[in-house]
Amino acid sequence: MPSRCFACALLSVVKCRESVKVIAMDEKYFPEKVEEKWQQRWEESGAFEVYVDEAKPEFYCLEMLPYPSGFLHMGHVRNYSIGDAISWYKRLRGFNVIHPIGWDSFGQPAEQAAIKRGVNPRDWTEENIGHMRGQMKRLGISYDWRREIAAHAPEYYKWDQWFFLKMYERGLAYRKMSQINWCPREETVLSNEQSSGGVCWRCGTQVEKRDLEQWFLRTTRYAQQLLDGMKEIETGWPERVLTMQRNWIGRSEGAYLDFQIKGTEERVRVFTTRIDTIYGANAIVMAAEHTLLAKLLENSQLKPDVERFAEKVRATRRRLEPGEEEAKEGINTGMLAINPFSGESIPVWIANYVLMEYGTGAVMSVPAHDERDFEFAQKYSLPIRQVIGRISHDQKIVPTTEEGGGDQSAVMTQAFTDYGALINSGEWSGKLSEDAKREMAEFSEKNGFGEAAVTYRLRDWGISRQRFWGAPIPIVYCQRCGIVPVPEKDLPVRLPERADFTGVGQSPLAGVSEFVNTSCPKCGELAKRETDTMDTFVDSSWYFFRYCDPENSQMPFSKDAVAYWMPVDQYIGGIEHAVMHLLYTRFWTKMMRDIGLIEFDEPVKNLLTQGMVTNIVEGTGEWKAMSKSLGNGVDPDEMIQAYGSDAVRLFVLFAAPPENELRWSEAGIEGAVRFLRRVYSFVWRWHERLSDAMQKGSEPSQEEFSQPARALRRKTHQTVERITDDFESLHFNTSVAALMELSNALYDFNAQPVAASASDAYAIREALESLVLMLAPFAPHVSEEMWEALGHDGGLIKGNARWPKANPDLARKEELEIPVQVNGKLRSRVLVAPDISEEELRTIALSDEKVKSYTSGHEIVKVIVVPQRLVNVVVK
RNA sequence: GCCGACGUAGCCCAAACUGAGGCAGAGGCACCAGUUUUAGAAACUGGCGAGUGUGGGUUCAACUCCCACCGUCGGCACCA
């Protein structure tokens, strides 16, 4: 389309004098000026504001929302540069792209600032947001700013509370006294996910166990669905994230079995994944915290000893270093349990290696086939009976006497944990483990002493936090009515303006009497509010749904808006959220589906986990993640000021594949600027001639192009193919390399703007416009500037610029260089037409002089011809 | 200890490790030389480089497949 001058409607923007300012382009590249100009243009034209439009395909590009700490760091810059590149690419491909941003603005640093410096958390937070928003705008990220949200806004956290009530109604939110993970440094509770490995996810402090009354969300109800749902996202998520989630959920198939305690009516239930080994059970081992213990010991003479031991175990467990393993210790309770399969009586022990939190808190000990039980049996000289035999030769050989059901403890040196065939197992002997597991579970169920069972490692999500700066849990405690949910119409339960931030003990809200004291929504009597607030991971579990409809005051979001935009097509963030945030948000999605808000199961189709940005630590030579304490941080603002946002972003995308660590290098940025400058000055040299050539719309015929012009066109179309592929697989670094190649090809093309033939100018314009368009996702400001200089009005977005299309015919090589090997060693190359037949290629290769010099005097045994690829001559 | 990922020029990274074995180099940084400059920087021009962590095997042919080992990183860690 030739463009017309706005002022005089002359077809050529170059010839019209009024329009000279439209295409005004500085001779030199001044990033600051270009970036300011286009940021302003974008804002004025609403370039990135999008609406539901059923006629257009939508694309949801999402970056993990930042915590407003006050300053962007390079990790943010990397995150947003990736997201912006994808957004621009999809827009140029004709998609209706939603690209929003917001703030994870509840959380403890704001409260820490309040404790330390007496500032109001809200003021602190909002000031930080203001500063960081400015930084993002200077980066020129293409957000639809009208959709910005902040977790600490009552209009937002109202809906956290609303969801809580919906879950409470459905029994998905509940309160219980439980042993929780307590971070002594932050003085608050942590969820299981947040205390993984026994340390606080944020400060690394070793967590303690405490008994506290807490609110939980029943994530375990969705354990199986969270597992099953992975099939749907398998292709779009990194394998290791799925593996981590799978491990975390920890599904385990096995069976429950009840062991009668001799002389009582009590039964102890165990969970086992190896019911096939039950004939080898030599004891029942219970956790020290087991609830049946007290009752069973009532009449036992050993009661004081056993209780003393149990208390000791509980005490040491509490102060155990993370990752540290205690030596196995146990005590015989003197009681006997009856093996429901064999009828045999076996002792009941208490031991420190059995955990109350997993399974049933009791296990059957089978030392011959379980390493832990083996170790335990060795220590206490318990008998060891082998009941599984080796069935294949690659299974490890464990020395045994291989006969009878006798004690093997003198012979076996380790447990045999593989599956095999049952031996010494009564009527079950001879069966394979796999079959026995199924059949024995069925048998136990039929006879009323057990059943097949599945357990999960996943625990319910504890969301109570003893904190001020979070969404209040909308619950009231009434003397008369008990736990009463706040009615929906009274939401939000607002945080008070101020509170005393002592930094110790209970939530600061407990000290704000006008907050705590309220009336019961049911009976109207005086009542007290819940003073804990919600884990901030609640806010981030559904924020990207809210972006679709951020102003809605009736509902968290409209079903229609979400149905159009969601699920997220591309999510980009750090690997550190692989389990916590990404598991919670999947849970939340399934919950929202079940309350009828949405109709899909998985919130995120494709996930990209970006690598860290590292910098050398002065004096050590080590590359570490940028941080204040190490003094190796780099301020994005300084970089933008020195090199421009475009160069910073280009470098960040070019320096490494997105999943890899990115090593910061100032020299690398300089390289990026140099490249932009090269492209820019090329456009400068040619823009008058090329925007003039716009009048000549039609493509010259193939014969009109010179040989070099055809080569340039080939390069152009090949590059378009490559970069389009790279984008689909998110290989930004190789895209940039390809752009540099194309730019080099342009420089190598020998033509002068004034003297160039029409066909040469056409080839150059094609190459240059493609280059500029494909550069836009990496360096949008300067690309806009160059696009305009090449004679296009309205900007890339509002002017409806489209990603270039590759013509495969033009991209195809006219000649192929085929390597010829002799005995696998490269000896020559021959030039042939791409469509050459196998037979011809073979003949040409064999008659090649260099090849001949290696084959003469030898017998040709074989000639391998790989069409389009190579020829290998095998000689003797 | 268990599970997973990864090892290519001085460095970051390519080459279909993706369902398929087929010329190890696209690009950048650094380095060297030249042009320009009072000098430096910048810019431009031209150069420099590894046989793919190690050792075996399969094959006409292995970065690619198989086996063993070494190293780095990450996750889990008494989960029955």
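Lettering follows sequence order; numbering is per chain, from 1. Keep in mind that this is a model prediction, so the values were computed, not measured.
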Practice prompt. Please work out if A:V354 contacts a base, only the sugar-phosphate, or nothing of the nucleic acid, heavy-atom cut-off 4.0 Å.
Written response: base
Discussion item. Does A:D373 reach a base, just sugar-phosphate, or nothing at all? Heavy atoms under 4.0 Å.
Written reply: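 If one applies the 4.0 Å heavy-atom cut-off, A:D373 turns out to touch nothing in the nucleic acid.
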Fill in: Test side chain to side chain contact (heavy atoms under 4.5 Å, CB included) applied to A:A655 - qualifying residues, sequence neighbours left out
A:F651, A:L662
Response to the item:
A:N615 meets the side chain to side chain contact (heavy atoms under 4.5 Å, CB included) criterion, sequence neighbours left out, with A:W623, A:M626, A:N632, A:V634, A:W664
Discussion item. Using the C1' atom as the point on both nucleotides, what is the distance between B:rA14 and B:rU64, in whole Å?
Written reply: 15 Å
Fill in: P atoms of B:rC60 and B:rA50, separation to the nearest Å
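Each nucleotide's P atom is 30 Å from the other's.
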Between protein and nucleic acid, restricted to nucleotides 21-24 of chain B and to nitrogen or oxygen atoms under 3.5 Å apart, what atom pairs and distances do you find?
unit_1 : atom_1 : unit_2 : atom_2 : d
B:rG22 : N2     : A:N872 : ND2    : 3.4
B:rC23 : O2     : A:R829 : NH1    : 2.1
B:rC23 : O2     : A:R829 : NH2    : 3.3
B:rC23 : N3     : A:R829 : NH1    : 3.4

Worksheet item: Just how far, in rounded Å, is P of B:rC60 from CZ of A:R842?
Response: 16 Å
Worksheet item: A:M612 has an atom CE; how far is it from atom P of B:rG74, in whole Å?
Response: 8 Å
Name the pairs: protein N/O against N/O of nucleotides 44-50 of chain B, kept only if under 3.5 Å.
unit_1 : atom_1 : unit_2 : atom_2 : d
B:rC44 : OP1    : A:R678 : NH1    : 3.4

Discussion item. I'd like to check the side-chain hydrogen bond (donor to acceptor under 3.5 Å, both in side chains) partners of A:S828; sequence neighbours left out, ordered by chain and number.
Written reply: A:D848
Worksheet, complete the sentence: Across all chains, not counting sequence neighbours, the side-chain hydrogen bond (donor to acceptor under 3.5 Å, both in side chains) partners of A:E329 are A:K312
Item to complete: Please list, chain by chain and in numerical order, all residues satisfying ring-ring contact (aromatic ring centres under 6.0 Å, His included) with A:F727, sequence neighbours excluded.
Response: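 Checked A:F727 against ring-ring contact (aromatic ring centres under 6.0 Å, His included); matches are A:Y89, A:F732, A:F778, A:W803.
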Fill in: Residues forming a salt bridge (Lys or Arg N to Asp or Glu O under 4.0 Å) with A:D370, sequence neighbours excluded
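Residues passing salt bridge (Lys or Arg N to Asp or Glu O under 4.0 Å) with A:D370: A:R372.
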Worksheet item: In residues 720-739 of chain A, which ones come under 4.0 Å of RNA chain B, going by heavy atoms?
Response: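 Within this stretch, A:N733, A:A737 sit under 4.0 Å of the strand.
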Discussion item. Please list, in numerical order, the residues of residues 272-280 of chain A that have a heavy atom closer than 4.0 Å to any atom of RNA chain B.
Written reply: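 Only A:T272, A:T273 qualify.
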Worksheet item: Do A:Y353 and A:E375 have a side chain donor and acceptor closer than 3.5 Å?
Response: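 No, because no side-chain N or O of A:Y353 sits under 3.5 Å from a partner of the opposite role on A:E375.
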Set out, line by line, the N/O atom pairs under 3.5 Å between protein and nucleotides 6-9 of chain B.
none

What donor-acceptor contacts under 3.5 angstrom involve side-chain atoms of residues 277-285 of chain A, with partners at least two apart or in another chain?
unit_1 : atom_1 : unit_2 : atom_2 : d
A:T277 : OG1    : A:R274 : O      : 2.7
A:N282 : OD1    : A:S365 : OG     : 3.0
A:N282 : ND2    : A:P383 : O      : 3.0

